[in-house]
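First up is the structure itself, then whatever we jot down about it.
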There are 2 protein chains.
Amino acid sequence: MDTTQRTDQQRSADRRRRELLEAADRVVLRDGPQASMNAIAAEAGITKPILYRHFGDKGGLYAALAKRHTDALLDSLRAALDAPAERRERVEATLDTYLAAIEARPQVYRFLMHPAEGGTATEQGFDVGKHSAPLLRRMGEELAQVIEDRLDLGPESQQLARVWGHGIVGMMHAAGDWWLGERPCSRAELVRCLADLLWGRLAAAGDRVGGPGF
Amino acid sequence: MDTTQRTDQQRSADRRRRELLEAADRVVLRDGPQASMNAIAAEAGITKPILYRHFGDKGGLYAALAKRHTDALLDSLRAALDAPAERRERVEATLDTYLAAIEARPQVYRFLMHPAEGGTATEQGFDVGKHSAPLLRRMGEELAQVIEDRLDLGPESQQLARVWGHGIVGMMHAAGDWWLGERPCSRAELVRCLADLLWGRLAAAGDRVGGPGF
DNA sequence: CATACGTGTTACTAGCGGTAACACCAGTCT
DNA sequence: AGACTGGTGTTACCGCTAGTAACACGTATG
């Protein structure tokens with residue numbers, strides 16, 4: 001039970017864990033969020049109980065899987081957000097990075113957004129949104145932090161930043177989801193439209209003739 | 001098999017259908033989206049096969065259920081959107097209506113947003129967002145229509161309106177979801193923050209001292 | 001009376017998430 | 001050597017789900 005041995009064991013366990021996650025990744029990429037534990041175990045060349053020993057339950061496995069992808073996406077978003085350019089350019093780069101990511105791997109994106117939580121009715125309480133889409137929450141919080149750090153918003157700075165963070169992320173997400181399904185325009189056009197919205201063109205637009213205006 | 005009799009039968013079937021939907025509503029309100037067909041049948045005082053004869057499968061029942069609530073919510077939103085007031089007031093009223101609805105019945109809201117699609121792996125294709133949240137899509141499309149009808153947005157009017165419709169709905173949804181979970185402020189404050197965002201305060205805000213600005 | 005039909009049931013299948021119980025194989029202590 | 005311990009793996013099972021086949025009752029029509 002000396003240190004070296006325990007390190008070896010831990011390393012071995014970690015490697016196994018990574019292998020299992022990669023197998024799970026392949027299956028989820030193939031079958032979508034309904035991938036069964038049986039299928040994942042088979043893909044990894046083992047049987048179910050091993051999965052359960054490593055990840056506790058299906059939620060644990062899915063959380064581990066989601067964390068990998070979420071971390072990766074957040075890294076690219078941070079890079080776009082931190083680039084040395086002026087505000088509008090950076091906003092557009094961030095939007096474009098997100099949209100490029102969901103465009104490149106729609107199955108992964110779908111898995112992250114709709115984890116399809118549990119079959120046997122665990123969790124009874126109606127804690128809305130608690131387990132819904134951790135990726136959206138994390139993106140919202142990160143963006144809120146960036147906004148609060150860099151913008152001067154007066155006394156209610158923190159509250160505004162958090163609302164805006166989650167709001168902007170939601171805007172990006174919903175628009176991206178719709179765009180991915182219908183492909184009504186190019187990615188660049190979508191980015192420009194969204195940036196225009198954030199830049200207040202909605203308030204600035206004139207009423208159409210004959211109506212009371214929106 | 002004359003016309004009168006067939007009408008009678010159809011009316012009877014429709015009434016039964018409505019009763020079943022109301023029972024399903026109660027169960028979903030109590031158990032959340034994981035409500036089982038067994039539980040719904042028991043609540044309605046009948047057994048499973050009858051449910052399947054009426055709705056085909058679980059997806060069919062859920063779709064019928066979702067349509068009722070979606071229609072009701074969209075009606076209130078339309079009312080707020082059509083009220084005789086100026087643009088900003090109307091936007092705020094619409095936001096507030098939506099937020100009040102999800103605040104009043106979080107279980108219904110959650111059911112509408114996360115239908116928890118099927119246990120046995122139906123649908124193999126990776127049609128992202130197709131089955132995800134029909135409510136969001138419908139709200140986005142309706143808002144897009146209103147925007148296009150009433151605002152003068154120049155040559156790319158239609159495209160801008162659709163992007164904005166889905167984007168604004170997504171913003172409202174994500175912010176609402178987060179707000180419902182954390183309750184960081186009052187509903188009125190949230191509405192004001194979101195309206196500020198739509199009114200371009202993000203672009204207008206000054207940089208914080210010492211940083212390059214967001 | 002028989003025949004069709006709508007309404008309801010029981011009893012079942014196949015598959016899911018999750019677990020208990022057992023087998024094997026390494027290294028360690030006496 | 002021989003017992004003992006801990007990690008890795010298995011088979012076989014439980015309780016649950018969605019969904020279905022097959023059968024039973026009541027009721028109008030020929």
Side-chain angles (χ1 to χ4, degrees), chain A residues 1-20 23-24 27-28 31-65 115-124 131, chain B residues 1-20 23-24 27-28 31-65 115-124 131:
Chain A
M1 216 220 256
D2 65 318
T3 316
T4 323
Q5 185 184 355
R6 229 178 110 191
T7 304
D8 277 7
Q9 277 179 193
Q10 198 163 327
R11 286 199 165 201
S12 169
D14 279 10
R15 221 187 43 198
R16 200 55 119 223
R17 191 183 160 94
R18 232 170 311 163
E19 289 172 10
L20 297 184
V27 177
V28 167
D31 296 350
Q34 297 101 359
S36 83
M37 294 299 264
N38 255 326
I40 294 173
E43 171 71 28
I46 49 144
T47 50
K48 271 195 301 178
I50 303 184
L51 279 183
Y52 284 95
R53 281 221 265 268
H54 271 273
F55 300 101
D57 64 351
K58 190 175 186 174
L61 197 167
Y62 276 37
L65 211 54
E117 28 194 319
T120 47
T122 37
E123 57 158 357
Q124 195 78 341
H131 293 266
Chain B
M1 215 217 253
D2 65 316
T3 316
T4 323
Q5 186 186 357
R6 232 179 106 187
T7 303
D8 277 7
Q9 277 179 191
Q10 197 163 328
R11 284 200 166 200
S12 168
D14 279 10
R15 224 187 41 198
R16 205 43 126 226
R17 190 184 162 96
R18 232 170 310 163
E19 289 172 10
L20 297 184
V27 177
V28 166
D31 296 350
Q34 297 101 0
S36 81
M37 295 297 265
N38 254 327
I40 293 173
E43 171 73 28
I46 47 143
T47 49
K48 271 193 303 177
I50 303 183
L51 279 183
Y52 283 95
R53 283 221 263 266
H54 272 272
F55 299 103
D57 63 352
K58 191 175 186 174
L61 197 168
Y62 275 37
L65 212 53
E117 26 193 321
T120 46
T122 36
E123 58 158 356
Q124 196 77 340
H131 293 266

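These numbers come from the heavy atoms of this one structure, side chains and all, not from hydrogens, waters or symmetry mates. Note that the structure is predicted; figures quoted are calculated from it, not measured. Naming: A, B, ... by sequence-line order, numbering from 1 per chain.
Atoms CD (E19(B)) and P (dT7(C)) sit 12 Å apart, rounded to a whole Å. Atom CG in L20(B) sits roughly 11 Å away from atom P in dT7(C) (whole-Å rounding). At whole-Å resolution of the value, NE2 in H54(B) and C1' in dG6(C) are 10 Å apart. To the nearest angstrom, P of dT8(D) lies 11 Å from CZ of R15(A). If you measure from atom CD of Q34(B) to atom C1' of dA18(D), you get 15 Å, rounded to the nearest angstrom. Whole-Å rounding puts the K58(B) NZ to dC16(D) C1' distance at 12 Å.
The minimum heavy-atom distance linking T47(A) with A41(A) is given by the pair C-CB, 3.6 Å. Nearest heavy atoms, L51(A) versus L20(A): CD2-CD1, 4.1 Å. Minimum interatomic distance between Y62(A) and Q34(A) (heavy atoms only, all atoms of both residues): OH-C, 4.4 Å. Taking every heavy atom of both residues into account, K58(A) and Y52(A) meet most closely at N-CE2, 4.3 Å. Counting all heavy atoms, side chain and backbone alike, E43(B) lies closest to A23(B) at CG-O, 3.6 Å.
Remark: I40(B) CD1 to I50(B) CD1 distance equals 14.0 Å, nearest 0.5 Å. With rounding to the nearest 0.5 angstrom, the CG atom of L61(A) is 8.5 Å from the CZ atom of R17(A). Once rounded to the nearest 0.5 Å, the distance linking NE2 of H54(B) with CD of E19(B) reads 9.5 Å.
Between R16(A) and dG9(D) there is a side-chain N or O to OP1 or OP2 distance below 4.0 Å.
Two residues, D57(B) and R53(B), neighbour DNA chain D, and the one matched to the more 5' nucleotide by heavy-atom proximity is D57(B).
Less than 4.0 Å separates DNA chain D from at least one heavy atom of each of the following residues of residues 45-52 of chain B: K48(B), P49(B), Y52(B). If you check residues 36-44 of chain A against DNA chain D, you find no residue with a heavy atom closer than 4.0 Å.
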